[in-house]
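Working notes, beginning with the structure itself.
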2 protein chains.
Amino acid sequence: MSHGLDQSEMLRLLGYNIAQAAIPAYRLFETLIGLPLGLRQVEFSILTLVDTNDKVTHKRLSTALGVAAPNLTIVLDRLEQRQLVKRTRSPHDARMQYIQLTPKGRALHAKAKQIADTMESDLLSHFSAGERAMLFELLQKVAAQRRP
Amino acid sequence: MSHGLDQSEMLRLLGYNIAQAAIPAYRLFETLIGLPLGLRQVEFSILTLVDTNDKVTHKRLSTALGVAAPNLTIVLDRLEQRQLVKRTRSPHDARMQYIQLTPKGRALHAKAKQIADTMESDLLSHFSAGERAMLFELLQKVAAQRRP
DNA sequence: TATTGTTATACTCTATAACTATA
DNA sequence: TATAGTTATAGAGTATAACAATA
């Protein structure tokens, strides 16, 4: 667990604790969703956000996910090529484009979502409901520190 | 904060909460330490771990940080070129090499560590001591899920 | 002028296979 | 044969500047 190393100095820092917790979370995602479905975390997030939110724009996705606009373009290009999402220009403001799931995208998302539930159980199997709620609340409080 | 998007579906997942919390933590690190001192997170972690731990090996660093060995080689090359660390072969087992800070590395680490304290206060200014302790404990419990 | 989104580019990160050298 | 570390490489992530189209 400590890998024979004294990590006490680093474990005083929030960023390091986040990075360490991200390791098993990321690996489990890769094993259960990433490799089987060919989805990266950002892609999974996009499918989910677009599923819930009607008429999401590039900009809002970019902001929410913390992915710079030019990079998001590449990701969306890939998702569109795979026919998982489609982009349509807004009739009101032709600069904007709405991103929506295709039927194929909806199907893949449904599958991924189901696996994600299993993933959560795996990751948090040793947590009580209270601990889980507390952890999520505190992480969201950190996230709320974000300025723009 | 929610950026006008309904993120409820994603916020049910630990990985997303971690990723969202990582955004301000990462940005603050970049602003306060990364840009001013020319240090990336991994490099800062290495300086800190090597400072505390005498005779750390490449392998143990690789495991602790979750960085694959070949990639760590590159990072250590860079740190060595900047004369922040030095690598010395073990006399007992010539395959292993111990990584140590140079005086220059120690000086830079001291500076970084001082800034890191400020960074923590900034990030966690709205947290009580109890909340902070709880958050760290829960994150470490997640990290402990790691297998190898 | 300001905003949305794209193109181009450069740099970094991550993962894997193949290698050297020691044991 | 197994382990520590390196080289090489391909793919993915990240950041920035410059641009086109629209408002």
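Below, read A as the first sequence line, B as the second, and so on, with proteins coming before strands; counting in each chain starts at 1. Here the structure is a predicted model, which means the values were calculated and not measured.
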For the pair made of [atom1] in [X] and [atom2] in [N], what is the distance, rounded to whole Å?
{"X": "B/Arg27", "N": "D/dA15", "atom1": "CZ", "atom2": "P", "answer": "7 Å"}
{"X": "A/Arg89", "N": "D/dA21", "atom1": "CZ", "atom2": "P", "answer": "11 Å"}
{"X": "A/Glu43", "N": "D/dA12", "atom1": "CD", "atom2": "C1'", "answer": "10 Å"}
{"X": "A/Gln97", "N": "D/dA21", "atom1": "CD", "atom2": "P", "answer": "15 Å"}
{"X": "B/Phe29", "N": "D/dA15", "atom1": "CZ", "atom2": "P", "answer": "13 Å"}
{"X": "B/Ile23", "N": "D/dA15", "atom1": "CD1", "atom2": "P", "answer": "10 Å"}
{"X": "B/Asp93", "N": "D/dG5", "atom1": "CG", "atom2": "C1'", "answer": "11 Å"}
{"X": "B/Arg78", "N": "D/dT7", "atom1": "CZ", "atom2": "C1'", "answer": "16 Å"}

Quiz item: Quick check: does any side chain N or O of B/Arg89 sit under 3.5 Å from a backbone N or O of B/Ala94, one acting as donor and the other as acceptor?
Solution: yes
Exercise. Enumerate the residue pairs fulfilling salt bridge (Lys or Arg N to Asp or Glu O under 4.0 Å) with a member in residues 103-119 of chain B, sequence neighbours excluded, ordered by first and then second residue.
Key: A/Glu9-B/Lys113, A/Arg12-B/Asp117
Practice problem: Sequence neighbours left out, what pairs pass salt bridge (Lys or Arg N to Asp or Glu O under 4.0 Å) with at least one residue falling in residues 63-74 of chain A? | Solution: none
Quiz item: For A/Ile23 and B/Leu65, which heavy atoms make the closest approach, and how far apart are they?
Solution: CD1-O, 3.9 Å
Exercise. Work out which heavy atom in A/Ser62 is nearest to a heavy atom in A/Ala69; give both atom names and the distance.
Key: OG-N, 3.6 Å
What is the nucleic acid contact for [X], judged by heavy atoms within less than 4.0 Å: base, sugar-phosphate only, or nothing?
{"X": "B/Tyr98", "result": "nothing"}
{"X": "A/Ser62", "result": "nothing"}
{"X": "A/Asn71", "result": "base"}

Quiz item: Which residue lies toward the 5' end of DNA chain C, A/Pro70 or B/Pro70, if each is placed at its nearest nucleotide?
Solution: A/Pro70
Practice problem: For the pair A/Leu101 and A/Leu108, evaluate side chain to side chain contact (heavy atoms under 4.5 Å, CB included) and give the outcome as yes or no after the intermediate values. | Solution: CA-CA 10 Å; A/Leu101 290 186; A/Leu108 185 59; over 6 Å; no
Quiz item: Earliest and latest nucleotide of DNA chain C, 5' to 3', sitting under 4.0 Å from a non-hydrogen atom of chain B?
Solution: C/dT12 to C/dA23
Quiz prompt | Below 4.0 Å: OP1/OP2 of D/dT3 and any side-chain N or O of B/His58 | solution = no
Exercise. Could you say whether A/Gln41 or A/Ala69 is positioned toward the 5' end of DNA chain D, judged by the nucleotide with the nearest heavy atom to each?
Key: A/Gln41
Quiz item: Mapping A/Ser90 and B/Lys59 onto DNA chain D by nearest heavy atom, which one lands closer to the 5' end?
Solution: B/Lys59
Practice problem: Verify the distance criterion only: is there a donor paired with an acceptor across the side chains of B/His126 and A/Gln145 at less than 3.5 Å? | Solution: yes
